[in-house]
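A quick write-up on the structure given underneath.
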Amino acid sequence: MLAAPMFAPESGLCVPDDVYEMRLGLCRSCPKLIDGHTCAVCGCIIPIVAKLKDRGCPAPGAPRWTRYTDAGA
Ligand code: SF4
């Protein structure tokens, strides 16, 4: 899946690697993470959605990470 063209750096859709790793780390420490890859709040596969700039943590009220802009993660 991550080999798909939309996940290539030149697509412009993905966050930098350091932001991706930070997001994965935040999810790893979250009690809503199931089996190391699925978010119990949205049902998303985290190693995939954490790559995308337009996605953010869906936890109501206290998201652990937010939509990415050039100003930050
Ligand atoms: S996306 Fe948010 S709620 Fe879901 S596992 Fe990651 S940190 Fe937890």
Side-chain angles (χ1 to χ4, degrees):
M1 178 61 114
L2 292 177
M6 73 177 288
F7 294 108
E10 56 272 19
S11 75
L13 299 174
C14 296
V15 297
D17 287 348
D18 60 333
V19 173
Y20 179 59
E21 292 301 327
M22 182 198 71
R23 288 177 168 187
L24 293 181
L26 291 168
C27 287
R28 276 188 213 109
S29 65
C30 177
K32 298 294 187 185
L33 190 68
I34 302 170
D35 295 336
H37 51 68
T38 302
C39 174
V41 178
C42 62
C44 295
I45 305 301
I46 292 301
I48 293 173
V49 297
K51 275 274 186 190
L52 300 172
K53 287 180 177 176
D54 281 347
R55 298 300 295 266
C57 167
R64 291 188 173 215
W65 46 275
T66 58
R67 186 174 178 274
Y68 179 83
T69 67
D70 289 340

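Just follow the structure's listing: the first ligand is 1, and inside any ligand the first atom is 1.
- Shortest contact from atom 4 (Fe) of ligand 1 to any protein heavy atom: Cys39 SG, 2.3 Å.
- The local environment of NZ in Lys53 is crowded, with over 12 non-hydrogen atoms from other residues, nucleotides or ligands closer than 6.0 Å.
- Counting backbone and side-chain atoms alike, Cys27 contributes an N/O/S atom closer than 2.8 Å to atom 6 (Fe) of ligand 1.
- Between Pro60 and Val41 the shortest side-chain heavy-atom distance falls below 4.5 Å.
- Atom CG of Asp17 has 12 or fewer neighbouring heavy atoms from other residues, nucleotides or ligands inside a 6.0 Å radius.
- Looking from atom 8 (Fe) of ligand 1 to the surrounding protein, the closest heavy atom is Cys30 SG, 2.3 Å.
- Atoms OG1 and CD1, from Thr38 and Ile45 in turn, are 3.5 Å apart once rounded to the nearest 0.5 Å.
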**Request:** Check step by step if side-chain contact (heavy atoms from CB on, under 4.5 Å) holds for Val49 and Arg23.
**Result:** CA-CA 10 Å; Val49 297; Arg23 288 177 168 187; over 6 Å; no

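- Closest to atom 1 (S) of ligand 1 among all protein heavy atoms lies Pro58 CD, 3.5 Å.
- Looking only at side-chain heavy atoms (C-beta outward), Leu52 and Tyr68 stay at 4.5 Å or farther from each other.
- Among all protein heavy atoms, the one lying closest to atom 7 (S) of ligand 1 is Arg64 CD, 3.4 Å.
- Interface atoms of ligand 1 facing Ile46, defined by a heavy-atom separation under 4.0 Å, are 1 (S).
- Not one N/O/S atom of Cys57, from backbone or side chain, sits under 2.8 Å from atom 4 (Fe) of ligand 1.
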